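Report on the following structure.
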Amino acid sequence: MNETAPYASKPEDSLGRLYGTGPSPTRSEFQRDRDRIIHSTAFRRLQHKTQVFLHHEGRHFRNRLTHTLEVSQIARSIARALRLNEDLAEAVALSHDLGHTPFGHAGERALHRAMAPYGGFDHNVQALRVVTQLENRYAEHDGINLTWETLEGILKHNGPLIHSDGRPYGRYEEEGLPTGVADIPAVADLRLSSHASLEAQVAAIADDIAYNAHDIDDALRAGLVQLVDFEDAPMAGPIVREVEERYPDVDTKRQTHEVQRRMITRAIEDVIAFSADNIEAAGVSSAEDVRMAGKTLISFSLPTAEAEKGLKGVLYKRVYRDEAVMRPVRESEAVVERLFATYMEGGDMPGRWGEAASAASDDNARARIVADFIAGMTDPYALDEHQRLFDARPEFR
């Protein structure tokens, strides 16, 4: 890796870990974070968690794991071009979805509704609960003991949580801060009002780039749309027309891949060029300057940002709200809601989860244990539990 820029995060300057460890002779602190994430149980579970499309076996749709790997690759590419710390960008990318429930965003919405009387559910905070408390791998402590910078990136890769005066920021303005955000064990204050590192910002925009491209691919695989339907779509349209004109006799599958890879490449190139200008204009010369810059520095150019927003609108109307998608979404939300209600009413949870729930001091404590248990489920395990408790197994057909 080339020498990093002055404003990149430096592993030697890390604030460290909650539990001290000796230095590694072969790996930097951020490389160790990356490796701990990859070896975690929560990371392996992503293989059996829905991204968008539920239970369409045999069509090679993305799941949370394959999505995460795509985000990681894109994040490394951007970080390398901007001379940032690739290992930190990768660590945040690999961990950004560890708090997601089974059944994709449908499961998250259902769990958030169920948890409304108990402080709600937020997948970024849940990811931090996973890596600081719920992973039980080490003899001396709970969690996987990540550095402060990686924890900060998991929590704030989408931006600050509060303004400098303490008011909720961005998407938290309406409902307030998620419960549990103040209870995250870390070696130092996670500074909810500052922006995260450039590496964390890179992971966030890599997420957008990845799912815009692969949701088109998966929608085509599902038969919900045809490539021609995107000819006039923002962002994708010019590329679709370009590919169809250049390769008119190539089969649709190859045309689709050509569109997908060109979308990813051009989005990455746009982010690199525009972000480099942002960084220069902001005059930042350290990672701390980035945190105090008062705005996100890693972003699309304004025309691309507008086009990307428009493409999301097309995907929302043509894909996410299609009845073929919504039918299993409604059924999966019902599964999560039934599981939550049953466990809260005293339904048997296996192993340590049942023991913890029985020992809970009140309904709030029990609800958090139930939410931890459900959020950690894979799609198949959630269906197995539904079968065990209700003698019924939704097929999502």
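Since this is a predicted model, take the numbers as computed values, not measurements.
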**Request:** For Glu86 and Arg76, run salt bridge (Lys or Arg N to Asp or Glu O under 4.0 Å): C-alpha distance rounded to whole Å, both residues' side-chain angles, the deciding distance at 0.1 Å, then the answer.
**Result:** CA-CA 5 Å; Glu86 296 176 38; Arg76 286 196 74 101; 2.8 Å; yes
**Request:** Given side chain to side chain contact (heavy atoms under 4.5 Å, CB included), test Lys295 with Leu297 step by step and report yes or no.
**Result:** CA-CA 6 Å; Lys295 62 180 181 178; Leu297 299 178; 3.9 Å; yes
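- Side-chain contact annotation: Thr147 with Glu29, donor-acceptor N/O pair under 3.5 Å absent.
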**Item:** side-chain hydrogen bond (donor to acceptor under 3.5 Å, both in side chains) between Glu135 and His39, worked out
**Value:** CA-CA 11 Å; Glu135 279 284 327; His39 287 280; over 6 Å; no
**Asked** Should Thr296 and Ser299 be marked as a side-chain hydrogen bond (donor to acceptor under 3.5 Å, both in side chains) after you check the CA-CA gap, both sets of side-chain angles, and the distance that decides it?
**Response** CA-CA 7 Å; Thr296 300; Ser299 61; over 6 Å; no
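- A pairwise comparison of heavy atoms in Leu128 and Ile184 identifies CD1-CD1, 3.3 Å as the closest pair.
- The closest side-chain donor-acceptor pair between Gln260 and Thr256, if any, does not fall under 3.5 angstrom.
- Follow the hydrophobic side-chain contacts under 4.5 Å out from Val130 and you reach Leu111 in the same cluster.
- Under the 4.0 Å criterion applied to side-chain N and carboxylate O atoms, Arg62 and Asp215 are not assigned as salt-bridge partners.
- With salt bridges taken as basic N to acidic carboxylate O contacts below 4.0 Å, none links Glu331 and Arg327.
- Lys49 has no carboxylate O lying under 4.0 Å from a charged side-chain N of Asp379, or vice versa, which leaves the two without a salt bridge.
- Ionic pairing of Glu258 and Arg246 is not present here: no N-O contact between side-chain nitrogen and carboxylate oxygen is shorter than 4.0 angstrom.
- When only modelled atom types and interatomic distance are considered, Thr101 and Glu108 share no side-chain donor-acceptor pair under 3.5 Å.
- Atom CZ of Arg113 and atom CZ of Phe121 lie 13.0 Å apart (nearest 0.5 Å).
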**Prompt:** Between His386 and Arg338, does a side-chain hydrogen bond (donor to acceptor under 3.5 Å, both in side chains) hold up when you go through it step by step?
**Reply:** CA-CA 8 Å; His386 193 276; Arg338 288 189 203 113; 2.8 Å; yes
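- Neither side chain, Gln47 nor Asn63, offers a donor N or O lying under 3.5 Å from an acceptor on the other.
- Under the side-chain contact (heavy atoms from CB on, under 4.5 Å) criterion, Glu173 pairs with His163, not counting sequence neighbours.
- Salt bridge Arg388/Asp348: present, at least one basic N to carboxylate O contact under 4.0 Å.
- Contact between Ala267 and Met235 at its shortest, heavy atoms only, is CB-CE, 4.1 Å.
- Scanning both residues, Thr26 and Gln31, for their nearest heavy atoms gives O-OE1, 4.1 Å.
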**Request:** I would like to know whether Gln51 and His214 meet side chain to side chain contact (heavy atoms under 4.5 Å, CB included); could you show each step before the answer?
**Result:** CA-CA 10 Å; Gln51 178 63 23; His214 68 49; 4.0 Å; yes
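- A salt bridge does not link Glu152 to Arg191: none of the charged nitrogens lies less than 4.0 Å from a carboxylate oxygen.
- Taking both residues in full, the closest heavy atoms of Ala91 and Asp33 are given as CB-CB, 4.3 Å, listed atom of the first, atom of the second, then distance.
- Salt-bridge check for Glu242 with Arg266: passed, with a basic side-chain N closer than 4.0 Å to an acidic carboxylate O.
- We find that Arg83 and Glu3 are not joined by a salt bridge, their nearest charged nitrogen and carboxylate oxygen being 4.0 Å or further apart.
- When only modelled atom types and interatomic distance are considered, His67 and Asp207 share a side-chain donor-acceptor pair under 3.5 Å.
- Once rounded to the nearest 0.5 Å, the distance linking CG of Asp322 with CG of Leu315 reads 12.0 Å.
- Residues Leu46 and Thr66 form no side-chain contact, since every pair of their non-hydrogen atoms from C-beta on lies 4.5 Å or further apart.
- In this structure, Arg17 CZ and Thr132 OG1 are separated by 14.0 Å, a value rounded to the nearest 0.5 Å.
- Donor-acceptor pairing under 3.5 Å is recorded for the side chains of Glu385 and Tyr343.
- Heavy atoms only, all atoms of each residue included: Arg36 and Ile144 are closest at NH1-O, 2.9 Å.
- Between Glu269 and Arg262 no salt bridge is recorded (no basic side-chain N to carboxylate O distance below 4.0 Å).
- Contact detail for Val335 and Ala382: the closest heavy-atom pair is CG1-O, 4.3 Å.
- Under the 4.5 Å side-chain criterion, counting only non-hydrogen atoms from C-beta, Asp35 is not in contact with Phe30.
- The pair Arg221-Asp217 meets the salt-bridge criterion, with a side-chain N (NZ, NE, NH1 or NH2) lying under 4.0 Å from an Asp/Glu carboxylate O.
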**Request:** Take Leu94 and Thr68 through the side chain to side chain contact (heavy atoms under 4.5 Å, CB included) test and state the conclusion after the steps.
**Result:** CA-CA 6 Å; Leu94 290 171; Thr68 294; 4.1 Å; yes
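- Atom CE of Met377 sits about 9.0 Å away from atom CZ of Phe103, to the nearest 0.5 Å.
- A ring-centre distance under 6.0 Å is found for His105 and His100.
- Using modelled atom types and a 3.5 Å distance limit, the side chains of Ser9 and Asn85 yield no donor-acceptor pair.
- Tyr19 pairs by the side-chain contact (heavy atoms from CB on, under 4.5 Å) definition with His141, Asn145, not counting sequence neighbours.
- In this model, no donor atom of one side chain and acceptor atom of the other lie less than 3.5 Å apart for Gln255 and Asp251.
- For Gln133, the side chain to side chain donor-acceptor pair (under 3.5 Å) criterion is met by no residue, not counting sequence neighbours.
- Note on ring orientation: taking the six-membered ring where Trp is involved, the planes of Tyr169 and His195 are perpendicular (angle over 60°, cut-offs 30° and 60°).
- In this structure, Asp165 pairs ionically with Arg167, as a charged nitrogen and a carboxylate oxygen lie closer than 4.0 Å.
- Salt-bridge formation is not detected for the pair Asp87/Arg32: no Lys NZ or Arg NE/NH1/NH2 atom is positioned less than 4.0 Å from an Asp or Glu carboxylate oxygen.
- Neither side chain, Ser197 nor Lys156, offers a donor N or O lying under 3.5 Å from an acceptor on the other.
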**Item:** Working for side-chain hydrogen bond (donor to acceptor under 3.5 Å, both in side chains), residues Asp122 and Gln126
**Value:** CA-CA 6 Å; Asp122 180 271; Gln126 188 67 23; over 6 Å; no
